[in-house]
Amino acid sequence: MKKIILRFTILFITVIAFVSLTSNAHAELNSTVQITTTDVILFDENLQYEIASLSQNSVVTVLSKSNGWTKVNYQSQIGLIESSKLENALAQYLLVQSKTDPIVRVSNTQQSEVLGNVPINSVVKAYVIDSSSYTFVQYGELSGYVQKQLLIKPTAQARIVKAPNGLNVMQTASSSSSQVGQVANGTTVTMLAKLNDWVFVTTNDVAGYVQGSSLKYIPSTNVPKKPSTPKPVVSTKKVALTFDDGPHPKVTQQILRTLKKYDAKATFFVVGDSVKKYPKVLKEVSDAGHEIGNHTFNHVKLTTLSSKQIQSQIQSTDTAVKSVIGQNTTVFRPPYGAYNNSVKKQLKVPNVLWTIDTLDWKHHNPTKTLQVVKANAKNGSIILMHDIHQTTADALDSVLAALQKQGYEFVTVSELMQK
Ligand code: NI
């Protein structure tokens, strides 16, 4: 074990350096830190042997993703984990308060290897996840475990930037560290800590260290009405709700009202024939900001058709949609999920299936729909429902309430696929 740790230490340092160089303030929302959603195995890069077995809520640093596997750094060990078993971790900025510079360790045990120290009075990005006495933190290029008791919630104070050319925002309290952004002259920032000549500040766009001498106290008349509090960096979990086979004159509209209540965006895979019958309903769906997908003209099984017939099913639906909303569909879903190469050849937009089938069309039971979604939802899920069944519309309020409570945001499939 010791040998493995030594062997990976060099890799670890290289990798962390790479991660910090390529990260910037905007990338922070798409955190490079994720946690395991269940007990999982960390495999070697050739998927030939097991490196470690991780329990649920273990912290990993993401290095890259491909083909359903995520390359991660887990306590200085590099390997692969199934992407579906990872989700973004919640982070917050915490202040280091102790008598000496706290030690950063490779894992959450006192015996584990020392990676470095974080300075007293610095602000670290902390991922408070497990119930152990350690917290995973990032400070510049250093990341690892620090004793939880040495970190406190900082007090936020508003300051204004008084520097004609603005200020460079640095990753750590040093002019030689990497620059993560800039704040312009006159910007109001939230100050979380002072560290020698440096001050850790956050704005909506950037977080890091700036030279403290150019930050001025805001006289009471200028203090913004809303006291600025440290905004925890929250990595939002997202799901895409999809509704097939509409538009329907009544059910679709009930669904639209419920989506509006939760400020949710969804994707409607419409059937061309119904678009012709209920153009006003489609217009309402589109005007409400939802995405419109193509689900063929007659809801036919495309794999039984000739290339020409497939083309006609797709194009006539696009024409019908465009005549109502002024633009083509942006995604496609084949009825019954049935497609083959000749279907793929006709597509100019992404072919989107689903990850959760509520089977709403089969059981017509709102409680069951809710149960299926609750049991299976995770970050990145695409949920299949149908806006032609009253029971689906009736289920939607409880589905959205349950997912919202779990911290999910509701986005269109195209938004979900943007990464
Ligand atoms: Ni369908």
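Whatever order the structure lists them in is the order used to number ligands and atoms, beginning at 1. Positions are given from 1, in the same order as the sequence printed here. Just so you know, these numbers come straight off a predicted model, no measurement behind them. Note: hydrogens, waters and symmetry copies are ignored here, and every other heavy atom, side chains too, is used.
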Report task. Could you give me a count of protein N/O/S atoms that are under 2.8 Å from the Ni ion (ligand 1)? Result -> 3
Report task. Please check if the distance between the ring centroids of Tyr336 and His299 is under 6.0 Å. Result -> yes
Report task. Report yes or no: do Thr36 and Gln56 form a side-chain donor-acceptor pair below 3.5 Å? Result -> no
Query raised in the report: Counting heavy atoms not belonging to Gln404, are there more than 12 under 6.0 Å from its CD?
Result: yes
Query raised in the report: What about the rings of Phe200 and Tyr93, do their centers lie closer together than 6.0 Å?
Result: yes
Query raised in the report: Just checking, Lys237 and Tyr408: is the charged tip under 6.0 Å from the six-membered ring centre and within 45° of the axis?
Result: yes
**Report entry** Intermediate values then yes/no, salt bridge (charged side-chain N to carboxylate O under 4.0 Å, His left out), Asp273 and Lys277
**Finding:** CA-CA 7 Å; Asp273 189 38; Lys277 284 184 197 150; 3.5 Å; yes
